[in-house]
Amino acid sequence: MSTFSIFLVLMTIVCFLLIVVIMVQNPKGGGLSSTISGTQMLGGVQKTTDFLDKSTWTLATILIALILLSSLSFTGSLSDTDSKLIEKTEAPANTPAAPVQQTPAPATPAAK
């Protein structure tokens, strides 16, 4: 498994976690905190909102860092220099423009 593949898996996991954290929040201030009946659970409503806010920013920062690091580890194995299509289009360009006529070699008499 290449380094780029490892970064791709990590980015997928971070994206999934970021989606979950964002979906738990409610833009009107309710969100997860409205479903908690007691203030003793998870440290209270305010602490839950702070935790979700900090985790959103942390996951977003981790995602940006992973994207930047993965671009450094990308070797470009699928770049245009290794393309089969480019090789096919360059092959006729290397042949001479005028066809070369080959004259047959004179037949030598067989020695007896």
Transitive ILVMFWY side-chain link [X] to [Y], under 4.5 Å:
{"X": "I19", "Y": "V9", "value": "no"}
{"X": "I64", "Y": "F4", "value": "no"}
{"X": "I13", "Y": "I22", "value": "yes"}
{"X": "L17", "Y": "I6", "value": "yes"}

Might you point out which heavy atoms bring [X] and [Y] nearest each other, and give the distance in Å?
{"X": "D53", "Y": "Q25", "result": "N-NE2, 3.9 Å"}
{"X": "L18", "Y": "A60", "result": "CD1-N, 4.1 Å"}
{"X": "S70", "Y": "F7", "result": "CB-CB, 3.6 Å"}

side-chain contact (heavy atoms from CB on, under 4.5 Å) filter on I62, not counting sequence neighbours, yields V14, T58, L66
For residues 3-20, the side chain to side chain donor-acceptor pair (under 3.5 Å) pairs (sequence neighbours left out) are S2-S5
